[in-house]
Amino acid sequence: MSVGRVRSIIGGLPTYKPGKSAEQTEAEFGISDAIKLASNENPFPTSPAVAEAIREAASGVNRYADHLCVELREAIAGMHGVSAQQVAVGPGSAGLLHQICSVYLEPGDTVVYPWRSFEAYPVFVQAMGAESVHVPLVDHRFDLDATAAAVTSSTKLVMLATPNNPTGVQTSVAELDDFLQRVPEDVVVVIDEAYHEFSDPALGDPLELVAKYRNCVVTRTFSKAYGLAGLRVGYLVADPEIVADVNKVLVPFAVNGLAQAAALAAVANRESFQPHVDALKAERGRVSAQLRMAGWQFPSSQGNFVYLTLGDQTMRYFQELEKRGIITRPFAGEGLRVTISSKEENDRFLTVLSEVQPIISG
Ligand SMILES: *Cc1c(COP(=O)(O)O)cnc(C)c1O
């Protein structure tokens, strides 16, 4: 039983489920060498320049850092050719998505998004007392006609993750542009690009749409391509009025000094991350080809993960893999999301998957 007069929606709120850690799985099954392919983390440690910046910043943790991350916003603005007034920094892009929800949503409002998508959206929306309207994927792709049709006068936000989590499917800028033309100007469209750096540049850069539509917000993160998941720093690019409102609900000093220093060094040294991003994209191609050769079904991914559409067998695969030390992310009855990691870890996954398959298909 809750203590105190908890808001009525809290009881029904789903709890965001993080991927299991390797240590938890090892303890549970009495095994060693478990590997975590469950949270789309970068298997490579962050760059030496970033690690050095974190060490240097450690001497200043007795002080509060810059609440509004002025220097980092300027660096990000410079990287993208926008003004610092168009950039907000938050504690992960998940933190920014939460801030966006608290700026726009009140009970009775709806948020429209294709589903399945990022697990945090329903939690954030429901926490505001608003309602999610889920638009089913068609052949793993967004149905943007149906998404536009689901927008009503009660709709405040639309969430579009591209590449989408967990499917990995990327939506082109041309499709997003066409969608934005059909959505009323007072509905804010959030393009969640947590996996931008792994995506196919031939499909366009969604940042172009921020210049074209005042109601378009693009969110990105240092967690995935830059290997800073544990430090919590992400950003968004949007109209300065949106940025000002989002900054109003930033928890004081939520982006700590180590995170700011690390992100600044990551921006300054961004070329140094490219070899790792390229290696992960190459591994994604290799793993995908091997899986297809073995007859597995899945949508072509532009993220740092693949999504095996195992339907009813999803949980059995998840459990059999886990027992053997391979931790993946299951969506019961639908599919298994598997992070692309180092060559060695990917090979272990492929080997164990091929061992497990005959056991399950019996
Ligand atoms: C990982 C992820 C995020 C959040 O990343 P942060 O670590 O909070 O920056 C946001 N959206 C999607 C779709 C993700 O997969």
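Numbering of ligands and ligand atoms starts at 1, following listing order. Note that the coordinates shown come from a computational prediction; the quantities given were computed from them, not determined experimentally.
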> Can you find a side-chain donor-acceptor pair between Thr152 and Ser154 that sits under 3.5 Å?
Replying inline: yes
> Between Ser93 and Arg232, is any pair of side-chain heavy atoms under 4.5 Å apart?
Replying inline: no
>> Could you tell me if Asp200 and Gln302 have a donor-acceptor pair between their side chains, going purely by distance under 3.5 Å?
In response: no
> Between Val246 and Ala88, what is the shortest heavy-atom contact and its length?
Replying inline: CG1-CB, 4.4 Å
> Applying a heavy-atom distance cut-off of 4.0 Å, which protein residues contact ligand 1?
Replying inline: Gly92, Ser93, Ala94, Phe118, Asn165, Asp192, Ala194, Tyr195, Thr221, Ser223, Lys224, Arg232
> Taking the hydrophobic residues Ile, Leu, Val, Met, Phe, Trp and Tyr, and joining any pair whose side-chain heavy atoms are under 4.5 Å apart, which ones share a cluster with Phe331?
Replying inline: Tyr307
> So is Arg220 actually on top of Tyr195's ring, under 6.0 Å and inside 45° of the axis?
Replying inline: no
